[in-house]
A.B. asks: 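Okay, here's the structure, questions in a sec.
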Amino acid sequence: MEVKAAFEKNLPIVALESTIISHGMPYPQNLEVANEVEEMVRVHGATPATIAILNGQFHVGLSGDELEMFAQAKDVMKCSRRDLPFVVAKKMNGATTVAATMIIAEMAGIKVFATGGIGGVHRDAENTFDVSADLKEFSQTQLAVVSAGAKAILDLPKTLEYLETFGVPVIGYQTDVFPAFYTRSTELKLTIRLDNASEIASFIQANNQLGHKGILIANPIPLEFELSKNSIENAIQEALKEAKKNAIIGKDLTPFLLKKLNEVTKGESQKANKALVLNNARLAAEIAVALTKN
Ligand code: PSU
Ligand code: MN
């Protein structure tokens, strides 16, 4: 209802994904984060629209009970682009990844989307070919996505190369380098830096007028929540080793690595994750508001 009213009045809306709730964090922290993220968007003047699939139908905006169901359910399918027709045909419940959320948000007419981290090119992709469908989606779906970069479980230089090849602009928000989710900086220089929401809104308008598609806005984790590079790299190495030992591949790999990281860091990664998602929700709301003013 809230989202429908916002559309009718042309008010700013921010899309949110549901895989981060169902597969990205454990219960009950996931529900807490989902609610706080929605509240953060509201406090900054926009309407949150958490996107998911219920009984085969696309939902843009979830009720409290629906959020709770996605936070608790064990049988919700993680849906990327290729999974959408299956879940619709079978009238199943599905949680949407960044790629699938972009598709449904664009269909609904939403321009801005906040998440934690996007999928990317996995380490060892030269052997496994594991490249998230999120990346290709940016080249075909028009949406501005605010993320804290991409997790260092991935190969970040290759992820940026891929985005460059597909013509996807990566904007550093108040930064000259690509952030790595748990840490604010890397050696990876970006070509575009913008320092406030209004400049980003102007960029989005120019991009969309040109008929270009996705934009990645990289918003570094707040300084006080940043983890140390060494400790997180050690935890990642351990998580990757476990994944290899258990022969985890395909769509199961990202959720497996997130869960292992949380175990290895004794919940530290989870705390950082929450802080950066909230920070992204705030910036996305500011951008959505600025878009209605430009
Ligand atoms: N990275 C995170 N947290 C997440 C995800 C990625 O730090 O929750 C989720 C997002 O929904 C993202 C998906 O779109 O994992 C990517 O999965 P895959 O690598 O299988 O495309
Ligand atoms: Mn993959």
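Positions are given from 1 along the sequence. Both ligands and their constituent atoms are indexed starting at 1 by order of listing.
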A.B. asks: To which protein heavy atom is atom 2 (C) of ligand 1 closest, and what is the distance rounded to 0.1 Å?
C.D. replies: Lys151 NZ, 3.2 Å
A.B. asks: Could you tell me, atom by atom, which parts of ligand 1 come under 4.0 Å of a heavy atom of Phe181?
C.D. replies: 7 (O)
A.B. asks: Is any NZ, NE, NH1 or NH2 atom of the basic residue among Lys241 and Glu238 found under 4.0 Å from an Asp or Glu carboxylate oxygen of the other?
C.D. replies: no
A.B. asks: Identify, for atom 4 (C) of ligand 1, the protein heavy atom at the shortest distance, and state residue, atom and that distance.
C.D. replies: Leu258 CD1, 3.5 Å
A.B. asks: Ile20 heavy atoms, cut-off 4.0 Å: which ligand 1 atoms fall inside?
C.D. replies: 8 (O)
A.B. asks: Checking contacts here: is it the side chain or the backbone of Thr97 that comes within 4.0 Å of ligand 1, counting heavy atoms only? Could be both or neither.
C.D. replies: both
A.B. asks: Name the closest protein heavy atom to atom 1 (N) of ligand 1, giving the residue it belongs to and the distance to 0.1 Å.
C.D. replies: Gly117 O, 3.4 Å
A.B. asks: What N, O or S atom of Asp130 is found closest to the Mn ion (ligand 2)?
C.D. replies: OD1
A.B. asks: Answer yes if the side chains of Gln209 and Gln205 hold a donor-acceptor pair under 3.5 Å, and no otherwise.
C.D. replies: no
A.B. asks: Report the C-alpha distance between Glu137 and Arg81 in whole Å, list the side-chain angles of each, state the deciding distance to 0.1 Å, and finish with yes or no for salt bridge (Lys or Arg N to Asp or Glu O under 4.0 Å).
C.D. replies: CA-CA 8 Å; Glu137 203 58 52; Arg81 170 178 275 272; 2.8 Å; yes
A.B. asks: Return the closest protein heavy atom for atom 19 (O) of ligand 1 as residue, atom name and distance.
C.D. replies: Thr254 OG1, 2.8 Å
A.B. asks: For Glu242, look at atom CD and say whether over 12 heavy atoms of other residues, nucleotides or ligands are found less than 6.0 Å away.
C.D. replies: yes
A.B. asks: Taking Asp176 first and then Arg193, would you say they form a salt bridge - that is, a charged N and a carboxylate O separated by under 4.0 Å?
C.D. replies: yes
A.B. asks: Heavy-atom distances under 4.0 Å are what count here, so tell me which part of Glu17 touches ligand 1: side chain, backbone, both or neither.
C.D. replies: side chain
A.B. asks: Do Ser22 and Thr19 get their side chains close enough for a donor-acceptor pair, meaning under 3.5 Å?
C.D. replies: no
A.B. asks: Heavy atoms only: give me the nearest Ala148-Asn280 pair and the separation to one decimal.
C.D. replies: N-ND2, 3.3 Å
A.B. asks: Can you tell me if Glu17 and Thr97 form a side-chain donor-acceptor pair at under 3.5 Å?
C.D. replies: no
A.B. asks: Scan side-chain atoms only and decide if Ser147 and Thr115 contain a donor-acceptor pair under the 3.5 Å cut-off.
C.D. replies: no
A.B. asks: Atoms of ligand 1 less than 4.0 Å from Asp134 heavy atoms?
C.D. replies: 12 (C), 14 (O), 16 (C)
A.B. asks: With atoms numbered from 1 as shown, which atoms in ligand 1 lie under 4.0 angstrom from a non-hydrogen atom of Lys78?
C.D. replies: 17 (O), 18 (P), 20 (O)
A.B. asks: Heavy atom to atom 21 (O) of ligand 1, shortest distance: which of Ala95, Ala152, Ser132, Ser22 holds it?
C.D. replies: Ser132
A.B. asks: Run the numbers for me: atoms of ligand 1, each under 4.0 Å from some heavy atom of Thr19, listed by number.
C.D. replies: 11 (O)
